[in-house]
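Worksheet for the structure shown next.
This one's a predicted model, so the numbers in the text were calculated from it and none came from an experiment. If you read the sequence from its start, that first residue is 1, and numbering goes on from there.
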Amino acid sequence: MTDPLRIVLVDDQQLVSAGLRMIIDSQDDMSVVGAASTGAQAVALLAQLPADVVLMDVRMPDMDGIEATRAILEDAGVDAPKIIILTTFDIDEYLLAAIDAGASGFLLKNAPPPDLLAAIRTVYSGDAVIAPSSTKRLIEHVAARVSPPSTPREFDCLTERETEVLLLIAKGMSNLEISAALFLSEATVKTHVSKILEKLGCRDRVQAVVEAYEGGLVRPS
């Protein structure tokens, strides 16, 4: 049996933190190993405590979740945990700031417990999770803020099929949707996505979308 995923909670509301702990500790494959109530506490805690996934609130005293995310990922290097931003506010600025800071996930606090647990497992496996209501807007924001390069980047490292998959990722499609569009199994799509991230040196599929736009592979409509 593999060791359970090590989860750290960062939230200044004790009831929220207690509720998250109950949900997570009810699972056999994950366990809460630490908690902090401010961003600064989280940075100090994670400098000493190994973790796989961090659930990070946005609005906190002392240091907000966006700043804390950036500081944690800068300090941790290759051993950095995956960070999921949890917020009650479905605000574009938070979403973009979280992605820019290096977060691998963005979920609203009213997400059902099964969605939260699935998000933890998903980001740990290497994919990104964005609240469904925010996915389309994220793609639109990426497209709007990127100017096509004068000399498009070469994506020759990708196979023809991997390029097709990346283009569909850039449209905001899930692995399941891509598998249906290309008549592939979902497992095959996951393999293609992993190869794309590896070849492009991207942390997750959101970063790959940014690469596709900044490299000129995808043009804003």
Q.
Test side chain to side chain contact (heavy atoms under 4.5 Å, CB included) on I7 and L55; report intermediate values, then the result.
A. CA-CA 7 Å; I7 314 299; L55 300 183; 4.3 Å; yes
Show which side-chain atoms of residues 187-194 pair as donor or acceptor with protein atoms under 3.5 Å away, not counting sequence neighbours.
unit_1 : atom_1 : unit_2 : atom_2 : d
T188   : OG1    : S185   : OG     : 2.8
T191   : OG1    : A187   : O      : 3.1
S194   : OG     : K190   : O      : 3.1

Do [X] and [Y] touch side chain to side chain, with heavy atoms closer than 4.5 Å?
X: V10; Y: M60; answer: yes
X: D12; Y: P61; answer: yes
X: C157; Y: L200; answer: yes
X: V8; Y: V33; answer: yes

Inset, instruction - Could you tell me whether a side-chain N or O of K82 sits under 3.5 Å from a main-chain N or O of V53, the two making a donor and an acceptor? - result: no
Query raised in the report: Do side-chain atoms of E162 reach the backbone of T159 as a donor and acceptor pair under 3.5 angstrom?
Result: yes
Which side-chain N or O atoms in residues 35-48 pair as donor and acceptor under 3.5 Å with protein atoms at least two apart or in another chain?
unit_1 : atom_1 : unit_2 : atom_2 : d
S37    : OG     : Q41    : OE1    : 3.1
T38    : OG1    : Q41    : N      : 3.0
Q41    : OE1    : S37    : N      : 3.0

Where [X] and [Y] come nearest, the two heavy atoms and their spacing:
X: L107; Y: A119; value: CD1-CB, 3.3 Å
X: A101; Y: L73; value: O-CD1, 3.6 Å
X: A98; Y: I85; value: CB-CG1, 3.6 Å
X: A97; Y: I66; value: O-CG2, 3.7 Å
X: L168; Y: A181; value: CD1-CB, 4.2 Å

*asked:* Could you go through T87 and F106, starting from their C-alpha distance and side-chain angles, then the distance that decides it, and tell me whether this counts as side chain to side chain contact (heavy atoms under 4.5 Å, CB included)?
replied: CA-CA 8 Å; T87 179; F106 180 93; 3.6 Å; yes
(message) Applying side chain to side chain contact (heavy atoms under 4.5 Å, CB included) to L5 and I120, what does each step give before you reach the verdict?
(response) CA-CA 9 Å; L5 300 182; I120 292 173; 4.2 Å; yes
Check: Are the charged groups of R161 and E164 less than 4.0 angstrom apart, N to O?
Finding: yes
Distance col, row I99:CD1 vs S104:OG, nearest 0.5 angstrom, shows 7.5 Å
One should read off an interatomic distance between L197 CG and E211 CD, to the nearest 0.5 angstrom, of 10.5 Å
Distance-only donor-acceptor pairs under 3.5 Å for side chains of residues 13-26, two or more places apart:
unit_1 : atom_1 : unit_2 : atom_2 : d
D25    : OD1    : V32    : N      : 3.0
S26    : OG     : I23    : O      : 2.6

Taken in chain and number order and not counting sequence neighbours, the residues that satisfy side chain to side chain contact (heavy atoms under 4.5 Å, CB included) with T163 are L158, L167, L217
Taken in chain and number order and not counting sequence neighbours, the residues that satisfy side chain to side chain contact (heavy atoms under 4.5 Å, CB included) with E177 are M173, S174
Partner of S179 under side chain to side chain contact (heavy atoms under 4.5 Å, CB included), picked from N175, L182, L176, is L176
Here the salt bridge (charged side-chain N to carboxylate O under 4.0 Å, His left out) pairs for residues 39-66, sequence neighbours left out, are R6-D52, D57-K109
